[in-house]
Structure formats: structure tokens, C-alpha cells
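Every number for a ligand or one of its atoms is a count from 1 in the order of the listing.
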Amino acid sequence: MTNFYYTCSECGRKYNITPDIMVCPECSKMQEPDKPLRGILEVILRGKTDKKLSLTGFLPVDNKYFPNIPVGNTPLWKPAILDKELGFPNLFIKDDTRNLTGSLKDRASYLVAAFAKREGIREIVVASTGNAASSMAGVGAAAGLNITIFLPESAPRAKMVQSLQYGARVIMVAGNYDRAFDLSLEFSRKSKNVLSRNTAYNPLTIEGKKTVSLEIYQTLKRSPDFVFVPTGDGVILGGVYKGFRDLQKLGFIETIPTIIAVQAEGSDAICKAFQRGEFIELDAHTVADSISVGIPRNGYYALKQLKQYNGKCLTVSDEEILIAQKELSSKAGLFTEPAAAASYAGFLNIRAEIPNDATVVLLATGNGLKDIDSAIKGIEFPKKAISSLGEL
Ligand SMILES: *Cc1c(COP(=O)(O)O)cnc(C)c1O
């Protein structure tokens with residue numbers, strides 16, 4: 001049996017897991033404008049699970065509250081041609097493009113939806129660059145919840161269309177994701193019985209994403225050596241660490257893998273802070289919209305984990321991202337969105353430093369059809385339509 005509570009990642013105070021608390025009431029008083037969130041809460045797992053590793057025993061909400069939908073349990077597979085070409089026989093892709101709404105975000109939405117059900121909450125609000133929104137909209141639809149979304153105007157159309165198809169109320173924000181984040185928080189504070197699913201702010205977003213690590217372990221039956229994680233707000237990164245740390249705590253694994261955060265050159269707040277020790281707001285610009293973040297909400301906590309477990313932070317250029325995206329599509333049959341291809345681009349950049357027999361996992365975090373405007377940049381369209389083969 002396991003049970004759960006929150007602790008503040010900064011001061012260590014303990015709290016019960018209830019909807020009234022999102023960030024540590026004490027440490028969040030130190031919140032500065034335009035900086036990562038202070039007082040991020042971490043779910044602490046106490047107790048034991050049986051050695052068979054039942055995933056539900058790892059989560060703070062009882063199984064019966066989860067909607068019956070295909071989230072998680074995504075395939076971990078070897079891209080055979082790439083493995084051979086690159087000389088890494090143990091290179092794997094954790095294919096989270098296969099989730100219900102096409103991104104890894106479903107892991108967080110799934111836990112948040114279950115928590116809302118348990119607490120009798122009917123409405124969830126979220127700000128997003130696109131995937132968290134479409135994810136919450138889809139998972140929320142299946143769970144019978146009302147979803148309100150704050151999206152920056154610039155969000156890729158497919159993600160907006162997805163959200164509307166799932167029946168969410170979409171509020172378009174004149175401004176960037178950071179503005180949408182602030183407006184959505186204001187909205188959830190002013191509304192009654194509404195739960196925020198803002199990434200990092202709701203601690204269950206980090207906790208939900210940890211299932212990706214549990215599954216990697218479940219498939220490999222051991223810890224991989226390296227995991228490449230496309231990184232914007234640093235919540236997937238935090239979740240990946242949390243999963244391996246819980247596995248370590250319960251005695252399933254001995255060592256935490258080397259986690260490599262990959263950021264876009266034009267959106268590298270975490271990598272910069274990793275070098276300089278402080279966060280400076282930047283005007284994020286990258287073709288990879290899902291990792292385009294000026295203020296990484298989980299910045300402090302992500303950085304702490306990277307330092308504690310000897311992780312690395314790398315940047316890749318937009319050009320490298322688009323090349324990696326095309327290569328994954330054309331040599332592995334995996335069409336990802338640019339953010340998801342960043343993990344592969346990062347691996348290509350530092351593969352000379354990685355032993356060839358290492359077990360390497362690339363997180364493929366989102367489906368390519370979610371953002372065809374970016375994908376178009378990496379390909380050439382047929383120039384004209386023909387009516388006979390003679391015109392070829
Ligand atoms: C959200 C997202 C990321 C980055 O996750 P963070 O928690 O913001 O670091 C990467 N790839 C895709 C496809 C995403 O949707």
C-alpha cells in the first residue's frame with residue numbers, strides 16, 4: 001500500500017493533496033514577476049508496492065477515478081535503420097505521439113482529470129501553447145468535465161481545432177503563452193470550483209508525467225543510461241526525474257539515468273540558467289512551439305534536479321530540429337512535431353560523447369500532424385500537377 005502527500009520543493013513543508021493548494025503558500029510569497037514559479041510542490045510517495053510494479057500504486061489518485069481511455073502504455077521501439085546507421089544498437093524511441101490526443105501531455109491531463117473527479121470538481125482551466133490545451137480538452141471530454149482554455153493567438157491551428165473539436169471553451173489571448181498563463185490563473189482564482197491544470201503550477205502535472213519513466217523501466221526491465229527530453233517549462237523533465245526517483249526509492253532501480261534536457265536555441269532559459277545560475281526572461285522564438293517558453297514555469301525545480309543528478313542541458317538550432325524531424329519521418333516512419341524532434345537533434349549533436357553500447361531513450365513527445373505549418377518548412381512540395389506521365 002502507498003499513500004501520498006505534498007512537500008514544498010524549497011522549504012520542505014508538508015501539505016495534504018487537496019484542490020485548495022497548488023504552490024506552497026509560504027514560498028510562493030517570494031514569487032517575482034517574470035521568473036519561474038516559487039514553491040513548487042512535489043508529491044511524496046510513502047509505503048511499498050508489490051514487486052510486480054503496479055503503476056496505479058505509484059499515483060496519488062485511486063484507479064477508479066481515471067477515465068477509461070488509452071493514455072500512456074505507449075510503445076518503446078527501436079528505429080532499426082537509425083540504430084544501424086548511427087551505430088547505436090540500443091537506441092529507443094518512447095513514442096508518446098500515440099497518446100489519446102497525440103502528445104505526452106495526456107499523462108498529466110489524465111491524472112488531473114481523475115483528481116477532479118475524486119474531488120467533485122466539474123471544470124478545469126488551462127493555459128497552453130497548444131498541446132496541454134488540446135490534451136486537457138480531449139481527456140476532459142472523455143471524463144465528462146468542462147474545459148476552459150487560454151491559448152496564445154499564435155498557437156498552431158491544428159491544436160486549436162483539436163481543442164474545439166473536443167468541445168472546450170477556447171479563449172484566445174492577444175499575447176504570448178506567458179500572458180495566457182497569467183490570465184488563466186486570474187480566471188481560476190476568481191471562479192469557484194474550478195481547477196487549474198497550468199503546467200508546474202498544478203503539482204499533479206509533474207506527477208502525471210512520471211508514468212513515462214515507469215513504463216520505460218517496465219519495458220526495459222532496467223534503467224536506461226540516457227534519456228533525451230525536449231524541454232520548455234521543464235515539467236516533462238521534472239516528471240521524468242520523478243518517475244526514476246520513485247523507482248529508486250522503492251528499490252526497483254539503483255541508479256538514475258543521465259537525463260539530457262534539449263532546448264531550442266531561441267528558447268533556452270533553463271540551459272542559460274544552468275550555466276549562469278539565474279533565470280533571465282527571454283523573448284522566445286523557435287519553430288518548435290511546444291518548447292517556446294520565455295519563463296520556464298518549472299525552472300527552479302528542473303534546474304535543481306539536473307544539478308543533483310548530473311544531468312545535462314543542450315541547445316539545438318531550428319535548422320537542426322527540422323532536419324531531425326525530417327530524418328525521423330523518413331528513416332523511422334515517425335512523424336513528430338518539431339519540439340519532439342528536438343530530442344533526436346540533441347542526441348545527434350552529442351552522440352560522439354555517448355558510448356555506443358549505451359541504452360538511449362529519445363522521448364517523442366508530440367505528433368507531427370499537430371503543426372503542419374512547421375513541418376512544411378522541412379520539405380519541398382511537388383511543383384505542379386500532371387495529367388500524363390510524359391510530364392514527369
Ligand atoms: C509540452 C511539450 C514539451 C515540453 O514540455 P515542458 O514540460 O514544457 O518542458 C515538449 N514537447 C511537446 C510535444 C510538448 O507538448
Out of all atoms in ligand 1, which are within 4.0 Å of some heavy atom of [X]? Include the element for each.
| X | value |
| --- | --- |
| Val235 | 6 (P), 7 (O), 9 (O) |
| Ile291 | 3 (C), 4 (C), 10 (C) |
| Gly232 | 4 (C), 6 (P), 8 (O), 9 (O) |
| Gly366 | 13 (C) |
| Pro230 | 4 (C), 10 (C) |

Do me a favour and list the nearest non-hydrogen protein atom to atom 8 (O) of ligand 1 with residue, atom name and distance?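 Ranked first by proximity to atom 8 (O) of ligand 1 is Asp233 N, 2.8 Å.
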At what distance is the nearest protein heavy atom to atom 2 (C) of ligand 1, and which residue and atom is it? Lys105 NZ, 2.4 Å
Surrounding CG of Leu389 (heavy atoms of other residues, nucleotides or ligands, distance under 6.0 Å), is the total greater than 12?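 Result for CG/Leu389: open.
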Answer yes or no: are there more than 12 heavy-atom neighbours, outside Ile81 itself, under 6.0 Å from its atom CD1?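 It does not: Ile81 CD1 has 12 such atoms or fewer within range.
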Have a look at Asp289 and tell me which of Arg157, Lys370, Lys159 forms a salt bridge (charged side-chain N to carboxylate O under 4.0 Å, His left out) with it. Lys159
What about [X]: any of its N or O atoms under 3.5 Å from an N or O on ligand 1?
| X | result |
| --- | --- |
| Thr365 | yes |
| Gly234 | yes |
| Asn131 | yes |
| Ile236 | yes |
| Ala339 | no |

Report yes or no: does a heavy atom of Thr231 sit under 4.0 Å from some atom of ligand 1? yes
Could you give me the CA-CA distance, side-chain angles and deciding distance for Arg46 and Asn3, then say whether side chain to side chain donor-acceptor pair (under 3.5 Å) is met? CA-CA 5 Å; Arg46 245 184 334 203; Asn3 58 66; 3.1 Å; yes
Does this structure show an ion pair linking Arg189 with Glu186, if we count only N-O contacts that are shorter than 4.0 Å? no
To the nearest 0.5 Å, how far apart are NZ in Lys304 and CD1 in Ile40?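 Here the interatomic distance stands at 11.0 Å.
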Kindly give the cluster partners of Phe347, where membership spreads through any ILVMFWY side chain lying under 4.5 Å from a current member.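 Listed partners: Trp77, Leu82, Leu86, Phe88, Leu91, Ile93, Phe226, Phe228, Ile260, Val262, Val287, Leu314, Val316, Ile321, Leu322, Leu328, Leu334, Tyr344, Leu348, Ile350, Ile354, Val360, Leu362.
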Side chains of Ser374 and Glu337: donor-acceptor distance under 3.5 Å anywhere? no
Mark yes or no for whether Thr97, through its side chain, and Thr336, through its backbone, hold a donor-acceptor pair below 3.5 Å.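 Between the backbone of Thr336 and the side chain of Thr97 there is no qualifying donor-acceptor contact (under 3.5 Å).
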